Visitor: 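Structure incoming, see below.
In this text, all values refer to a predicted model and were calculated from it rather than measured experimentally. Within every chain, numbering begins at 1; the chains are lettered A, B, ... in the order of the sequence lines, protein sequences first and strands thereafter.
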Protein chains: 2
Amino acid sequence: MRREVTLRDVAELAGVSSRTVSNVVNGYANVTERTRVRVQRAVEELGYRPNVLARNLAQGRSGQIALVVPYLDTPYFSELLQSVIRAARARGYNVLIDQTDGDPEHERAFIAHGSRRLLFDGVIFSPLGLDQRALADHDPNLPLVVLGERSSDGTFDHVGIDDVAASRQATEHLLDLGRRRLAAIGDQPYATGEAAQLRTRGFREAHEARGLTAREDLIVGTPRFNRKDGAQAMAYLLDRADPPDAVFCYSDLVALGAIHTLISRGLRVPEDVAVIGYDDIEDGAYSNPSVSTISPDKEMIATTAVERLLLRIDSPAPPPAVEMRAPHKLIIRESTAGKG
Amino acid sequence: MRREVTLRDVAELAGVSSRTVSNVVNGYANVTERTRVRVQRAVEELGYRPNVLARNLAQGRSGQIALVVPYLDTPYFSELLQSVIRAARARGYNVLIDQTDGDPEHERAFIAHGSRRLLFDGVIFSPLGLDQRALADHDPNLPLVVLGERSSDGTFDHVGIDDVAASRQATEHLLDLGRRRLAAIGDQPYATGEAAQLRTRGFREAHEARGLTAREDLIVGTPRFNRKDGAQAMAYLLDRADPPDAVFCYSDLVALGAIHTLISRGLRVPEDVAVIGYDDIEDGAYSNPSVSTISPDKEMIATTAVERLLLRIDSPAPPPAVEMRAPHKLIIRESTAGKG
DNA sequence: ATGCTGTTTTGCAGCGCTGCAAAAGCGTAG
DNA sequence: CTACGCTTTTGCAGCGCTGCAAAACAGCAT
């Protein structure tokens, strides 16, 4: 395996200094057309390609950002991931992915002062296991953008949607159908369950706004937002004396699990039980029945997050922390509206 | 922002040479307990963390591998991705992800002699837009492991499952149910459609093995293996004079799309039409009806790929190319067997 | 003491690039 | 012909680490 071609090799062939070659390669101003052409030719003749590692070291930056999410096989995240990669690539950055499984230690390792630090210039982070307080304890020099329901403590940016309003909207939709025994699946009444709690709040507020009272006994918790938990929670609800006639699920996966249980028990969706989800993943649009849902603008969340992060990376003094709300909308499908 | 602590800083404090500090930090042998402790203490006192960028340059390696797949929001890939990350992390490597959208240019850029080259020490690549010939034209110095249905040309390793056998098994399962008008959805009769063609071959062979003949007019092509294409192809099949009584879909997403069409037309699955998919994605297990499928051992594919790649990266002379077959199994669910 | 062997520590060069500031070139004005 | 300001090119140091080979040390036998 022969040695790689270096700047110096090109310089020698072109008869200029290696610094000039660097200038040409990086498209700096103030290079005469004459030399530019000469260098360009030498570059091509030798098949020179810059050594990213050396450039990184010299510049003290890696040109990479990390995207840290709890689960990659969750459609919501894999759909988001796509948009993040696209946005970052457009700005010349690579994306390093990591899945934490919601493990607090793993999450902490990514935002703490650690040896991985230099591998990325900043982090887009969707926390699950770390609560608000633990989040505050991040490497102060690490540009950080947080996704989801945590709020900013002033040292990082935060991008999310208005969960309370969205949940309220979803619940109101169920009430509009005339349903009155509404269940909610997905509550998480502990420090790291902020997202869930906001949705529960929206669920309650929707009732109150109509002079109704949410049935507290129909609010069921789940450890995760996946199909299995949804299926189990639904089974639990159906085994009660007075099962619900509508269910607000805190994610589409939960909704899919719940629907699976309903159908296999011979119930009809939405006739017997209407179901609405949250996240607008692709599966929900093609399932039987298709799933009504809250659709956050993922593309916007991703591009906003990347933009803010790069701004943070590039600015010498940390810019003021920003709270950003991406828009969302209610999408009505068969699981609440029935067949067309 | 103050300067980072370097090896030299630690060396000074500990009263040893910077090389010794390096030895301690990297756990090299031949360091006396006395010095190790002294250095260790200095490291902690100063909060030293090695600069990965500098290490990379000095060692001429990046400690990263790239995983290049066509689509990240396809559950098959996002599930695979997880396992790859886990396996790589266990061996001290980070994973850089890229999605190509099946664009041949984009794919080529990743395996060709290019400036990104140094960013990763090797690539695990699932080609879609590049055919066998284009694949051969990769940077010979790039350790490469290819996933899917291409076969190796001797310059890279290949990991996949036996598509023909698996497809045959799926088809035989449908025949065992007594169905005789079998359709196949997903054929791609062009250079980059090797995966599809192997599945079609298996479909035909299953018929032949029983002295039957596959209905060529019921083999439908699709540009991609997603829900929408599955839904459309199914609609096309149902509009025929003699619609099929069973369908072999070349991916679970295609199957989910097909089932969606069937149900919305008022047909019963599997009573009227039995459906089997391919890939064993999680959705298929919780859909209504749940989807019978061919389940490739993804965990094994991922770990094998990573292992081979690292072997290739670490060995001075390129090891001989290997063709590896991961096991698969037939999973029978409601879409062929009905409710349990 | 001296030589020998094996272990531990060190010094230096160099990975390939970019930042910085100085040097060279060049055109115009005095 | 010299001076001045601007553009273009250069040289060098240094990013922080590791590879290599030499140096220092230690233990033991002679």
Side-chain angles (χ1 to χ4, degrees), chain A residues 1-40 42-43 46-63 92 114-119 121 314 316, chain B residues 1-40 42-43 46-63 92 114-119 121 314 316:
Chain A
M1 179 160 116
R2 69 186 199 294
R3 216 177 104 280
E4 284 290 316
V5 180
T6 75
L7 270 191
R8 236 177 298 278
D9 298 329
V10 178
E12 202 161 327
L13 178 63
V16 296
S17 78
S18 68
R19 197 58 182 72
T20 297
V21 178
S22 168
N23 285 338
V24 171
V25 170
N26 293 293
Y28 287 158
N30 297 344
V31 180
T32 46
E33 198 51 26
R34 246 179 66 80
T35 40
R36 179 187 310 286
V37 170
R38 194 136 47 97
V39 170
Q40 212 74 270
V43 163
L46 296 177
Y48 168 77
R49 51 188 179 180
N51 181 320
V52 211
L53 270 39
R55 178 181 294 172
N56 286 349
L57 177 59
Q59 293 187 146
R61 29 153 287 163
S62 69
S115 76
R116 309 273 289 290
R117 172 68 182 80
L118 277 293
L119 271 181
D121 301 329
D314 290 335
Chain B
M1 177 161 117
R2 68 186 199 294
R3 214 177 104 281
E4 284 290 316
V5 180
T6 75
L7 268 191
R8 237 178 297 280
D9 299 329
V10 178
E12 202 160 328
L13 178 61
V16 296
S17 77
S18 67
R19 196 59 240 274
T20 296
V21 178
S22 168
N23 285 338
V24 171
V25 170
N26 293 293
Y28 286 157
N30 296 345
V31 180
T32 46
E33 198 50 29
R34 244 179 70 80
T35 39
R36 177 186 311 286
V37 170
R38 194 136 48 97
V39 170
Q40 213 72 270
V43 163
L46 296 177
Y48 167 77
R49 50 189 180 183
N51 181 322
V52 209
L53 270 38
R55 179 180 295 172
N56 286 349
L57 177 60
Q59 295 188 144
R61 30 153 287 165
S62 68
S115 77
R116 307 272 289 290
R117 172 66 182 84
L118 276 294
L119 271 181
D121 300 329
D314 290 334

Visitor: Once you apply a heavy-atom cut-off of 4.0 Å, does A:Asn26 come out as touching a base, just sugar-phosphate, or nothing?
Guide: sugar-phosphate
Visitor: Between B:Tyr28 and B:Arg19, what is the shortest heavy-atom contact and its length?
Guide: CE1-NH2, 3.8 Å
Visitor: If you look at every strand shown and take non-hydrogen atoms under 4.0 Å, does B:Asn51 touch a base, only sugar-phosphate, or nothing?
Guide: sugar-phosphate
Visitor: Would you give the length of the straight line joining atom CZ of B:Arg38 to atom OG1 of B:Thr20, rounded to the nearest 0.5 angstrom?
Guide: 9.5 Å
Visitor: Of all heavy-atom pairs between B:Leu7 and B:Ser18, which one has the smallest distance, and what is that distance?
Guide: CD1-O, 3.9 Å
Visitor: Does atom CZ of B:Arg8 have more than 12 heavy-atom neighbours, drawn from other residues, nucleotides or ligands, at distances under 6.0 Å?
Guide: no
Visitor: Given that A:Leu7 and B:Thr32 both sit by DNA chain C, which one's nearest nucleotide is further toward the 5' end?
Guide: B:Thr32
Visitor: If you fit an axis to the five pairs at each end of the helix from C:dA1-D:dT30 to C:dG30-D:dC1, how big is the angle between those two axes, to 10 degrees?
Guide: 70°
Visitor: List the atom of A:Asn26, the atom of A:Arg55, and the distance in Å for their closest heavy-atom pair.
Guide: OD1-NH2, 3.5 Å
Visitor: Does the side chain of B:Ser62 pick up a donor-acceptor pair with the side chain of B:Asn56 at under 3.5 Å?
Guide: no
Visitor: Using chain B heavy atoms and a threshold of under 4.0 Å, write down where along DNA chain D the contacts begin and end, 5' to 3'.
Guide: D:dG16 to D:dC20
Visitor: Do you know the tightest heavy-atom contact between A:Ala42 and A:Ala14?
Guide: CB-CB, 3.9 Å
Visitor: Over all heavy atoms of both residues, which pair between B:Val5 and B:Tyr48 is shortest? Give the atoms and the distance, please.
Guide: O-CD1, 3.4 Å
Visitor: Measure across A:Asn51 and A:Leu53 and return the closest heavy-atom pair with its distance rounded to 0.1 Å.
Guide: OD1-N, 2.8 Å
Visitor: Under 4.0 Å from any atom of DNA chain C, heavy atoms only: list the residues of residues 8-21 of chain A that qualify, in numerical order.
Guide: A:Arg8, A:Arg19
Visitor: Kindly compute the distance separating CG (B:Asp314) from CZ (B:Arg61), expressed to the nearest 0.5 Å.
Guide: 7.5 Å
